[in-house]
Trainee: 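I'd like to ask some things about the structure below.
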Amino acid sequence: MRARPVILHLDLDAFFTAVEQLHKPSLRGKPVVVGGVGGRGVVSTASYEARVFGVRSAMPTADARRRCPNAAYLGPRFEAYRHCSVQVMDLAREVTPLLEQVSIDEAYLDLTPAHPSPTVDEVTALAEDLRTAIRERTGLTASIGAGTSKLVAKIHSDLAKPDGFALVPPGEEAATLAPMSVRAIPGVGPATAARLAAHGVSTVGRLAEIGADECVALLGRAHGTQLHAFALGVDPREVVTERAAKSVSAETTFPTDVTDRGRLGGHVSRLTERVTDRLRTDGLSGRTVVLKARRHDFSTLTRSTTLDQPTDDPVVVRRHADRLLAALDVSDGLRLVGVGVSGLSLYTQPDLLDGLLDDVLPAPAPEPDEDDEEFARPDAGEVTTEENGSTVLVEAVPEPTGPRWRPGQDVAHSEHGLGWVQGSGVGRVTVRFEGPHTPPGRIRTFPEDDPDLAPAPPPEWSPLVDDGPAADGLSGGGGSLDG
DNA sequence: TCTGGGGTCCTAGGACCC
DNA sequence: TCTGGGGTCCTAGGACCC
């Protein structure tokens, strides 16, 4: 049996908004919210300045705007976030190769390979050196938790936020967790917490006391067993560098509910395209096609079919998704549709039987497809593809073109240079001209279709450039995210 | 206030097989 | 004629996480 490892949990602070403040000097020290900016958008990340007003992740953006009208509301720029994430993870892998990235801004590090049994002081030095390297090389702040398991590391990176470090010495796990709320345990959400509360359990220590059997009776076999072990500070989960994907999916929420089957079919088509594109990029095929629908009352339905052979063919996936949609009652309107493929494997097999079935159950005829005002689409053409020897007519599926300019978007102007979209509407777009290493920039407004204005790639923050005191909200001690 | 999009894991019931 | 248990696969829904 393996000795207890030392595990770090690395978590970037308010990651999306931190990148925005890094790239947009005028937003440093100000409330910033990244998320959906449309009527049904929700908050992905609120900067610490916005959290003061009660803005939180997963809150409807409309609610956030009421609480904090003066914040900058920006759509996400995933390309920029991914780039920063890669830089951070590369720095972390210099500490240990045994790194498990769990999301764009989070990773577990097992120190064992390079440091088999480090002292508390050594772990502290490694973690603080990594935090310093991340700040100096990327301009971002990270929090780190350390302990003998993923559980205590994760809980303590959270407690260390923002821009901090927290360590639980070996042997002190259970005592450290005991006074905490059960909600501190990852996996205990509102429903589980309510169940436990109904039985008088609100702290981790109390959860440990009630015993495994009662835990299982309350929460089910798997969840109950694991949660009781967690409450005792026991977590045997290992850090693994790679994990195989189990499913690939895409979904979209409409600005207003949709009842028209033709339009729903058009969306299913585009979603299918996105899913199969990603399957093919990753060299994956899947046997189960899943259609997801959310109704006007927010209830969610899923319908699935499992094929004899795995597929990555958009024609095949779309045909099954269409059939699943056709069997659904949409008369009350849907607010969301999604398409997914699961039961993934690494290879593709020709879909012979599926082609035969197609002759018996023809796909519904494509209906005319108009679109919501917010997603006006260019004219759809038609293409034909060869499938199993017969020619099938397939509706061409152009991506919906969103509004031309999105808040936060990077742009270049032929005369004024690089900047970002502050807002747009009524035929105009407002741009602030600044970059990571300029002072806060000036605002100019242009016609929406100004030929001198074009989308631009994300800017890059570089440690080699000195911003100078005027624009420098980031260097030095705490960074821009405190408070 | 009215709820995104990408995932993972678990449960439960029914079909089917031995 | 009535009654078994276990295992696997499939489908649907729900909790949870970032």
Side-chain angles (χ1 to χ4, degrees), chain A residues 9-16 33-46 53-68 75-76 78 81-82 85 100-108 150 154-155 157-158 161 182-196 216 219-227 237 243-257 271 274-275 278 287-308 320 324 327-328 335-344:
Chain A
H9 182 254
L10 167 72
D11 199 333
L12 294 165
D13 300 323
F15 179 48
F16 292 180
V33 177
V34 170
V37 292
R40 285 176 166 177
V42 300
V43 173
S44 292
T45 309
F53 296 88
V55 180
R56 295 285 180 273
S57 293
M59 172 185 283
T61 303
D63 188 7
R65 285 188 199 273
R66 272 182 287 271
R67 293 171 187 260
C68 191
F78 287 109
Y81 309 151
R82 265 191 296 270
S85 173
E100 177 178 345
Q101 188 170 352
V102 287
S103 74
I104 196 167
D105 67 342
E106 255 185 73
Y108 290 104
K150 284 181 166 180
K154 165 93 178 157
I155 289 176
S157 69
D158 213 43
K161 278 184 169 298
V182 291
R183 283 302 305 269
I185 298 177
V188 178
T192 305
R195 287 211 138 174
L196 291 172
V216 167
L219 306 170
R221 179 103 259 150
H223 205 195
T225 307
Q226 187 182 53
L227 238 48
R237 294 173 302 163
R243 236 188 282 204
K246 300 270 191 341
S247 67
V248 173
S249 67
E251 64 189 52
T252 185
T253 294
F254 314 123
T256 58
D257 294 357
L271 294 166
R274 271 159 60 184
V275 167
R278 272 164 47 207
R287 278 185 63 217
T288 303
V289 176
V290 185
L291 182 84
K292 177 174 170 181
R294 180 118 71 205
R295 292 189 286 213
H296 63 98
D297 65 354
F298 213 71
S299 59
T300 305
L301 305 174
T302 61
R303 294 292 180 267
S304 62
T305 25
T306 297
L307 286 46
D308 288 337
H320 286 91
L324 295 169
L328 238 49
R335 61 147 50 218
L336 168 152
V337 287
V339 173
V341 173
S342 60
L344 301 183

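Since the model is a prediction, treat every value here as computed from it, not as a measurement. Order of the sequence lines fixes the chain letters, A, B, ..., with proteins taken first and strands second; residue numbering starts at 1 for each chain.
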Trainee: Can you list everything that forms a salt bridge (Lys or Arg N to Asp or Glu O under 4.0 Å) with A:Glu251? Sequence neighbours excluded, please.
Mentor: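 Partners of A:Glu251 under the salt bridge (Lys or Arg N to Asp or Glu O under 4.0 Å) test: A:Lys292.
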Trainee: Mind checking the OG1-CZ spacing from A:Thr225 to A:Arg221? Nearest 0.5 Å is all I need.
Mentor: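 If we round to the nearest 0.5 Å, A:Thr225:OG1 and A:Arg221:CZ are 5.0 Å apart.
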Trainee: Sequence neighbours left out, what passes side-chain hydrogen bond (donor to acceptor under 3.5 Å, both in side chains) with A:Arg237? Give chain and number order.
Mentor: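 In terms of side-chain hydrogen bond (donor to acceptor under 3.5 Å, both in side chains), with neighbours along the sequence ignored, A:Arg237 is linked to A:Asp235.
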Trainee: Atom CZ of A:Phe78 to atom C1' of B:dG6: distance rounded to whole Å?
Mentor: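 In whole Å, B:dG6 C1' lies 9 Å from A:Phe78 CZ.
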Trainee: Look at the side chain of A:Thr288 and decide which nucleotide, out of C:dT11, B:dG6, B:dT3, has an atom nearest to it.
Mentor: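 The nucleotide sitting nearest to the side chain is C:dT11.
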Trainee: Using a cut-off of 4.0 Å on non-hydrogen atoms, how would the nucleic acid contact of A:Thr305 be classed: base, sugar-phosphate, or nothing?
Mentor: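 If one applies the 4.0 Å heavy-atom cut-off, A:Thr305 turns out to touch the sugar-phosphate alone, with no base involved.
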Trainee: On DNA chain B, check which nucleotide each of A:Gly36 and A:Ala244 is closest to and give me the residue with the more 5' one.
Mentor: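 The residue mapped nearer the 5' terminus is A:Gly36.
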Trainee: May I have the distance from A:Arg40 (atom CZ) to B:dG5 (atom P), rounded to whole angstrom?
Mentor: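 Answer to the nearest Å: 11 Å.
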Trainee: For A:Arg295, check side-chain hydrogen bond (donor to acceptor under 3.5 Å, both in side chains) against everything at least two apart and list the hits.
Mentor: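 Only A:Ser299 meet the side-chain hydrogen bond (donor to acceptor under 3.5 Å, both in side chains) criterion with A:Arg295.
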Trainee: How many Å lie between CG on A:Asp257 and C1' on B:dT3, as a whole number?
Mentor: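 So the CG-C1' distance, A:Asp257 to B:dT3, works out to 13 Å.
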Trainee: Please determine, for the side chain of A:Ala222, which listed nucleotide (C:dT11, B:dC10, B:dG4) has the closest atom?
Mentor: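 For A:Ala222, the side-chain atoms sit closest to B:dC10.
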Trainee: Centroid distance below 5.5 Å plus an interplanar angle below 30 degrees: do A:Phe298 and B:dC2 meet both conditions?
Mentor: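 Whether judged by distance or by angle, A:Phe298 falls short somewhere, so it does not stack on the base of B:dC2.
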Trainee: Would you tabulate the pairs of protein nitrogen or oxygen atoms and nucleotide nitrogen or oxygen atoms of nucleotides 7-9 of chain C closer than 3.5 angstrom?
Mentor:
none

Trainee: For A:Arg66, which contact category applies under a 4.0 Å heavy-atom criterion: base, sugar-phosphate, or nothing?
Mentor: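 Contact class for A:Arg66: sugar-phosphate only.
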Trainee: Taking only side-chain N and O atoms of A:Arg294, does any of them lie within less than 4.0 angstrom of OP1 or OP2 on B:dT3?
Mentor: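 For B:dT3, OP1/OP2 do not have a side-chain N/O of A:Arg294 under 4.0 Å.
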Trainee: Sugar-phosphate atoms are those with a prime plus P, OP1 and OP2; base atoms are the rest. Using that split, label each nucleotide of nucleotides 13-18 of chain C B, S or - for protein heavy atoms under 4.0 Å, 5' to 3'.
Mentor: S-SSSS
Trainee: Hey, what do you get for CD1 (A:Ile185) to CD (A:Gln226), rounding to the nearest 0.5 Å?
Mentor: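 The distance works out to 9.5 Å.
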Trainee: Please state the C1' separation for the pair C:dG4 and B:dC16 - nearest whole angstrom.
Mentor: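 One C1' to the other, the span is 15 Å.
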Trainee: Report the residue (A:Ser249 or A:Leu219) whose heavy-atom-nearest nucleotide on DNA chain B is the more 5′ of the two.
Mentor: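 Counting from the 5' end, the first nearest nucleotide belongs to A:Ser249.
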Trainee: Answer with base, sugar-phosphate or nothing: what part of the nucleic acid does A:Ala64 contact at a heavy-atom distance below 4.0 Å?
Mentor: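 Answer is nothing: A:Ala64 stays at 4.0 Å or more from every strand.
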Trainee: Taking only residues two or more places apart in sequence, or in another chain, which ones meet A:Arg287 in a salt bridge (Lys or Arg N to Asp or Glu O under 4.0 Å)?
Mentor: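 Partners of A:Arg287 by the salt bridge (Lys or Arg N to Asp or Glu O under 4.0 Å) criterion come out as none, since no residue qualifies.
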Trainee: Between A:Asp63 and A:Arg67, does any side-chain N to carboxylate O distance fall below 4.0 Å?
Mentor: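 Judged by the 4.0 Å cut-off on N to carboxylate O distance, A:Asp63 and A:Arg67 do form a salt bridge.
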Trainee: Please enumerate all residues that pass side-chain hydrogen bond (donor to acceptor under 3.5 Å, both in side chains) together with A:Ser247, with sequence neighbours excluded.
Mentor: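 None.
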Trainee: Can you measure A:Phe16 atom CZ to B:dG6 atom P for me and round it to whole angstrom units?
Mentor: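 The distance from CZ of A:Phe16 to P of B:dG6 comes to 13 Å, rounded to the nearest Å.
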Trainee: Enumerate donor-acceptor pairs with a distance under 3.5 Å from any side-chain N or O in residues 300-307 of chain A to protein atoms, sequence neighbours excluded.
Mentor:
from: A:Thr300; atom 1: OG1; to: A:Arg294; atom 2: NH1; distance (Å): 3.1
from: A:Thr306; atom 1: OG1; to: A:Thr288; atom 2: OG1; distance (Å): 3.0

Trainee: Among residues at least two apart in sequence or on other chains, which ones pass salt bridge (Lys or Arg N to Asp or Glu O under 4.0 Å) with A:Lys161?
Mentor: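 Per chain and number, A:Lys161 pairs via salt bridge (Lys or Arg N to Asp or Glu O under 4.0 Å) with A:Asp11, A:Asp13.
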Trainee: Given B:dG4, is OP1 or OP2 found less than 4.0 Å from the side-chain N or O atoms of A:Arg335?
Mentor: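 Affirmative; the distance criterion is met.
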Trainee: Once you round it to whole Å, what is the distance between C1' of B:dG6 and CG of A:Leu344?
Mentor: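 So the CG-C1' distance, A:Leu344 to B:dG6, works out to 14 Å.
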Trainee: Please enumerate all residues that pass salt bridge (Lys or Arg N to Asp or Glu O under 4.0 Å) together with A:Asp257, with sequence neighbours excluded.
Mentor: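 Salt bridge (Lys or Arg N to Asp or Glu O under 4.0 Å) list for A:Asp257, sorted by chain: A:Arg40.
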Trainee: So how far is it from A:Asp105 CG to A:Tyr81 OH, rounded to the nearest 0.5 Å?
Mentor: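 Reported value, rounded in 0.5 Å steps: 11.5 Å.
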Trainee: Please state how far atom CZ in A:Arg67 lies from atom P in B:dT3, giving the value in whole angstrom units.
Mentor: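 So the two atoms are 15 Å apart, to the nearest Å.
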Trainee: Represent DNA chain B in dot-bracket notation, 5' to 3'. Only Watson-Crick or G-U wobble pairs with both distances under 3.5 Å count; pseudoknot-style crossings use [ ] and interstrand partners use |.
Mentor: ....||||||||||||||
Trainee: In whole Å, what is the span from the CZ atom of A:Arg274 to the C1' atom of B:dG5?
Mentor: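 Result: 9 Å.
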Trainee: Go through the structure and list residues passing ring-ring contact (aromatic ring centres under 6.0 Å, His included) with A:Tyr108, not counting sequence neighbours.
Mentor: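 A:Tyr108 satisfies ring-ring contact (aromatic ring centres under 6.0 Å, His included) with A:His9 once adjacent residues are dropped.
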Trainee: Please give, in whole Å, the distance from C:dC10 P to A:Leu324 CG?
Mentor: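 To the nearest whole Å, that distance equals 15 Å.
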